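Below: the structure, in structure tokens.
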Number of protein chains: 2
Amino acid sequence: MHSELRGGINSTEEVTSKLRELIMNGTLVQGERLTETGLAARLAVSRTPVRLALATLEREDLVEGAPNRGFRVRRFSIEDMREIMEVRAVLEGMAARLLAEKGLEPDQNATLQECLNGIAELIASKRHDPETFREFARINDRFHTSIAAFAGNTALQRLMVRNPFRSAPLLHFLPDEEGRAALIDAQRDHIRLVDAIRKGEGTRAEFLMREHGLLPLQRADQLFTNINKNAANQRTDEAS
Amino acid sequence: MHSELRGGINSTEEVTSKLRELIMNGTLVQGERLTETGLAARLAVSRTPVRLALATLEREDLVEGAPNRGFRVRRFSIEDMREIMEVRAVLEGMAARLLAEKGLEPDQNATLQECLNGIAELIASKRHDPETFREFARINDRFHTSIAAFAGNTALQRLMVRNPFRSAPLLHFLPDEEGRAALIDAQRDHIRLVDAIRKGEGTRAEFLMREHGLLPLQRADQLFTNINKNAANQRTDEAS
DNA sequence: TCTTGTTGAATTGCATGCAATCTTGTGTAA
DNA sequence: TTACACAAGATTGCATGCAATTCAACAAGA
């Protein structure tokens, strides 16, 4: 009974976010079996909140369950991630368009500008350590979340909050140099995006955002291509 | 303990879909309080599956719950419905674009054609009774569901299946003549949409679908305008 | 060696008890 | 009459027991 929990109003919520975190940061490996009793013991609660939490996570597509056979951590293939990002890109594009069409309030404009400035500072600092990338992820998240919130469509906003996939975590898989390049690319996109929104150019904003949303995917492809090339080269080497 | 249930493998699923149905068809009124014990008694199960079902429905935005204060049926304002439809229209537009870009398999093409033919028959029959509208709703649903399925993005498909709002039910609120007009409009949209998909014109398909998705909204606005006009006239009458 | 049947342990799904929290109705004081 | 306080009833949230199902290991037969 080592209480890894305690601190929230109700257990179910605590368990849900704790599990979400454990899955997202890889502590619970993809495909791993999740038993109610096991998790209950680990989190020092009874099976009831665990069961509730798992049902919630199933709706978020973080775990998948079969009747009478419990749950396991969902496996995400590259193809799955591509699909999720495509959907996200379209939804975020919609948010950008709505915001451009509606116009920015002064404080909203200021918020976006803060994000631009923050990332600009990070780039100017020329650092490429993990902390820099985490800071980028925070600002980037705020930038995108803000646009979704400012767009004024609560149904859209809710959908995006629940769709758990953010692109930033992918940066961790890139080597430092590439990570820095990705950061610069992202900033370039952000600047053009904010420009379009400020000018009320809805269609331009929408498609800039779509393209921006697929940016990490291109890098993933690139990574994959490199990996495949290496594999191919190795096979050629072996054959000779 | 009048068993309104029994017939499925597990209770939770049964309760979930039963509740979904009760909410959708209006048996459970918007804003109505839902007590676990009440529902459990009504559906002849214990509180456990009811609790799980309510958690699921909360994620679907059909009910809303507050900590320690249970759940109530969610209230949908006109504005809420507009927002949901806008999101749906964008997602369906995406599906149409993907399908157009990917190209139709022969059997997929046949399925869409069947839908077109079915609705054409309904229009030709010149009937405007409730059964005709229900049949339209069925075919219409199949049409849209098929496009979502054929698009080949499972993340998108899942999102659309879970977003419970379909436009067809709104037709019930329209007088018969308007309903028939709406049906003709929809068919016109469908034909152009399928044309765009067949020709691989992704952008055209996407925006036709967006416009099509907002069609019931325009009619709702029209209805509302009429209602308001009536109200205004009555006020003028009273004043004179 | 591979397939198939069987048995026991593990696990899920549901029911229910109990404490904590909220709601509601009544009484009291200003 | 209104505002407030308080207590009783109702309801939620969590823990846990029990039956039904599934899983795993092992043995028997092809």
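If you're wondering where the values come from, they're calculated on a predicted model, not measured in any experiment.
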Quick one: list whatever passes salt bridge (Lys or Arg N to Asp or Glu O under 4.0 Å) with E36(B), sequence neighbours left out. R47(B), R51(B)
For the residue pair V63(A) and I23(A), establish whether any side-chain heavy-atom pair is separated by less than 4.5 Å. yes
Report the nucleotide, chosen from dA15(D), dA15(C), dG13(C), that has the shortest atom-to-atom distance to any side-chain atom of N10(B). dG13(C)
Separation of atom CZ in R72(A) from atom P in dT22(D), rounded to whole Å: 15 Å
Among pairs that include at least one residue of residues 21-33 of chain B, which meet salt bridge (Lys or Arg N to Asp or Glu O under 4.0 Å), considering only residues two or more places apart or in two chains? none
Below 3.5 Å is the cut-off: list the nitrogen or oxygen pairs between protein and nucleotides 8-12 of chain C, distance only.
residue	atom	partner	partner atom	Å
dT12(C)	OP1	E36(A)	N	3.4
dT12(C)	OP2	E36(A)	N	3.3

Taking the side chain as every heavy atom from C-beta outward, state whether L98(A) and F150(A) have any atom pair closer than 4.5 Å. no
dC14(D) C1' sits how many Å from L52(A) CG, rounded? 10 Å
Is there a side-chain contact between E58(B) and R74(B) (heavy atoms, below 4.5 Å)? no
For dC14(C), take OP1 and OP2 only and decide whether either is under 4.0 Å from a side-chain N or O of T48(B). no
Quick check: do R20(A) and E60(A) have side-chain heavy atoms less than 4.5 Å from each other? yes
Can a side chain N or O of S11(A) be found less than 4.0 Å away from OP1 or OP2 on dG13(D)? no
